[in-house]
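Keep in mind that what you see is a predicted model, and the values were worked out from it rather than measured. Residue numbering restarts at 1 for every chain, and letters A, B, ... go by the order of the sequence lines.
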Amino acid sequence: MSRPADPAAAAPAAPPARARTAATDSALLARLRVPARPPSLRIVRRTVREAALVAGADAAWADDLMLAVDEACQNVVRHAYAAAPETGDMVIVVRTHPPSDDGVTVDILDFAPAVDPTRVRGRDLDDVRPGGLGVHLIHAVCEEAGFQPPPDGAGNLFRLVKHFAKPPVDG
Amino acid sequence: MSRPADPAAAAPAAPPARARTAATDSALLARLRVPARPPSLRIVRRTVREAALVAGADAAWADDLMLAVDEACQNVVRHAYAAAPETGDMVIVVRTHPPSDDGVTVDILDFAPAVDPTRVRGRDLDDVRPGGLGVHLIHAVCEEAGFQPPPDGAGNLFRLVKHFAKPPVDG
Amino acid sequence: MTVDIAARGPATVAALSGEVDLECSPAVRRALLDALRDGRPVIVDLSLVSYIDSSGIASLVEAYQAARKQGTALMLAAVSPAALRVMQLARLDRVFNIRPTVDDALAVLAQ
Amino acid sequence: MTVDIAARGPATVAALSGEVDLECSPAVRRALLDALRDGRPVIVDLSLVSYIDSSGIASLVEAYQAARKQGTALMLAAVSPAALRVMQLARLDRVFNIRPTVDDALAVLAQ
Ligand SMILES: Nc1ncnc2c1ncn2[C@@H]1O[C@H](COP(=O)(O)OP(=O)(O)O)[C@@H](O)[C@H]1O
Ligand SMILES: Nc1ncnc2c1ncn2[C@@H]1O[C@H](COP(=O)(O)OP(=O)(O)O)[C@@H](O)[C@H]1O
């Protein structure tokens with residue numbers, strides 16, 4: 001990494017690398033980085049499912065979260081990196097959902113060009129066609145799902161939130 | 001991250017953050033970060049086993065590698081962070097082994113104080129006691145295992161190498 | 001994931017097993033379209049499917065549409081709970097012709 | 001992981017199932033030492049152990065040594081392939097008294 005030749009020229013000084021990497025995110029269950037290619041999805045599924053179980057989920061809940069994350073990662077592999085397939089990685093971060101750890105938040109990061117979120121829409125389910133199901137499956141099993149401003153260095157951040165107990169439905 | 005107030009004062013200019021994070025390690029199978037605590041070991045096992053299968057391992061080989069990595073991670077949880085339990089993370093990096101992808105290399109990083117490698121020894125197996133088996137299991141299933149100089153920011157780096165075909169034994 | 005193709009009475013039975021995901025759904029698609037080629041009805045046995053994603057479902061939809069176009073029966077049989085869950089989420093459980101067992105699907109064909 | 005404790009003839013059978021790892025080996029250790037307390041022989045059924053690590057093996061070693069000290073028989077029965085692999089790697093397969101089935105272990109006690 002390039003640094004100013006004279007450290008004194010940079011004010012305030014950068015913190016030592018150690019402090020930065022050692023910092024622990026107390027909500028972290030697992031952070032996984034894999035190449036954005038189809039075989040990685042099996043690794044993503046194992047990791048996310050087990051992280052959900054560690055968070056206290058039951059098997060059916062963990063299976064649904066795993067499906068949603070798989071679908072979001074498929075979209076990274078197939079669409080986000082479409083212009084240059086299998087050239088980048090994706091990062092999946094699984095955290096307990098604050099404030100009361102009543103669910104799990106999953107961030108899916110890629111390093112591809114920024115996506116136009118308005119173009120990401122599932123198809124009409126009554127129109128039976130192959131494809132266009134991923135977005136529906138994600139919304140069917142997660143309470144929240146959508147693009148967020150990506151952190152520095154990332155291309156896109158897609159965030160899923162799934163609660164352990166569904167909020168009561170009105171009416 | 002702190003940056004010089006006037007970008008022109010920093011020469012040479014830092015590359016854009018994007019270029020740094022997008023860089024892909026072509027040997028990478030999976031990089032996992034988890035809190036260094038017992039429940040994380042289940043997540044580590046799933047991830048490492050599936051990464052080995054993606055690399056082309058058969059089930060028995062993947063099971064052995066999974067055991068070795070679990071044992072190395074147990075040592076991080078129980079010994080490396082002994083002075084301050086469950087305060088840090090560990091990072092497990094699974095790569096195909098260069099040059100000919102004839103196996104897998106697993107790096108296990110922690111952010112604990114540096115370990116004295118000469119103190120890490122298994123017990124005599126004929127002395128039947130609980131404990132002291134982890135190091136033996138690691139060496140029983142991996143061709144190479146040992147501490148390496150850790151990268152900037154990490155406390156310790158323990159590296160395992162396991163080949164797909166064992167080299168022929170002499171005599 | 002494996003696709004096992006076998007003749008069974010008047011039909012071809014394609015038994016999928018394991019995880020049908022983005023990595024292997026192209027192979028499933030090809031195997032099903034191949035199986036349809038000789039005009040015999042196709043029964044897709046999903047009893048051993050431990051996981052299926054939207055790409056796997058898309059392969060089934062494509063085979064289903066190819067079968068309809070050529071006037072061949074295509075039935076899904078013994079759908080595993082994991083696969084049924086995804087079909088229900090995608091609201092496709094009423095689109096496909098789903099039979100409880102392969103034998104039941106064969107009995108329907110024999111009528 | 002579960003530990004299932006049951007009386008079987010003159011013995012106590014402790015059936016472990018699932019993954020015996022650092023997270024749950026303390027519970028296994030406690031359950032086995034508890035089971036030994038009333039002086040009846042203990043048979044540890046390992047048929048459903050899908051994974052065991054050095055901490056799980058250590059719990060078995062500790063129970064084995066506690067049994068020897070108090071003169072009680074402790075046998076391992078129906079060791080799963082996954083568990084046997086780790087015992088062989090640790091060269092403990094000849095230290096423990098291992099029986100092919102729980103019934104076989106009971107027969108030995110009946111002699
Ligand atoms: N991460 C993404 N980057 C770019 N485009 C995306 C992304 N995710 C989804 N899309 C767009 O949204 C559409 C619907 O996605 P989806 O419902 O997953 O179905 P499918 O991927 O099978 O078409 C895709 O066809 C694609 O055009
Ligand atoms: N990562 C580590 N950091 C510090 N000490 C370690 C580490 N790994 C192993 N050790 C030391 O080596 C000894 C042998 O380790 P091991 O064979 O895994 O058995 P056990 O952990 O059951 O004692 C440990 O008791 C400990 O003193």
Side-chain angles (χ1 to χ4, degrees), chain A residues 1-6 9-37 39-51 53-55 86-89 91-94 109-113 150-155, chain B residues 1-6 9-55 86-89 91-94 109-112 151-155:
Chain A
M1 206 165 90
S2 307
R3 282 274 165 76
D6 174 10
R18 169 162 215 121
R20 182 162 38 92
T21 6
T24 293
D25 169 357
S26 69
L28 181 72
L29 291 161
R31 178 186 178 92
L32 177 70
R33 184 178 184 123
V34 289
R37 61 184 180 206
S40 295
L41 297 170
R42 291 193 262 152
I43 304 174
V44 171
R45 291 200 298 274
R46 303 289 176 269
T47 307
V48 169
R49 184 174 192 279
E50 198 65 36
L53 295 176
V54 167
E86 310 204 1
T87 53
D89 292 341
V91 172
I92 297 93
V93 190
V94 189
L109 292 147
D110 65 53
F111 309 98
D152 254 19
Chain B
M1 207 165 91
S2 306
R3 282 272 164 78
D6 172 10
R18 169 162 215 124
R20 180 160 42 91
T21 8
T24 293
D25 170 355
S26 67
L28 182 72
L29 290 161
R31 179 185 177 93
L32 177 70
R33 185 178 183 124
V34 290
R37 62 185 180 205
S40 295
L41 297 170
R42 291 193 262 152
I43 304 173
V44 171
R45 291 200 298 275
R46 302 290 176 268
T47 307
V48 169
R49 185 173 190 280
E50 198 65 37
L53 295 176
V54 167
E86 309 203 2
T87 53
D89 294 340
V91 172
I92 297 92
V93 189
V94 189
L109 292 147
D110 66 53
F111 308 97
D152 255 21

Check your understanding: Considering the options A:Val34, A:Val44, A:Val48, A:Ile43, which one meets the side-chain contact (heavy atoms from CB on, under 4.5 Å) requirement together with B:Thr47?
Key -> A:Ile43
Review point. Counting heavy atoms not belonging to B:Arg31, are there more than 12 under 6.0 Å from its CZ?
Key: no
Exercise for review: Heavy-atom distances under 4.5 Å only: say whether A:Arg49 touches chain B with side chain, backbone, both or neither.
Suggested key: neither
**Study point:** chain B interface, residue from A:Arg46, A:Arg45, A:Arg37 that has the most non-hydrogen pairs under 4.5 Å
**Key:** A:Arg46
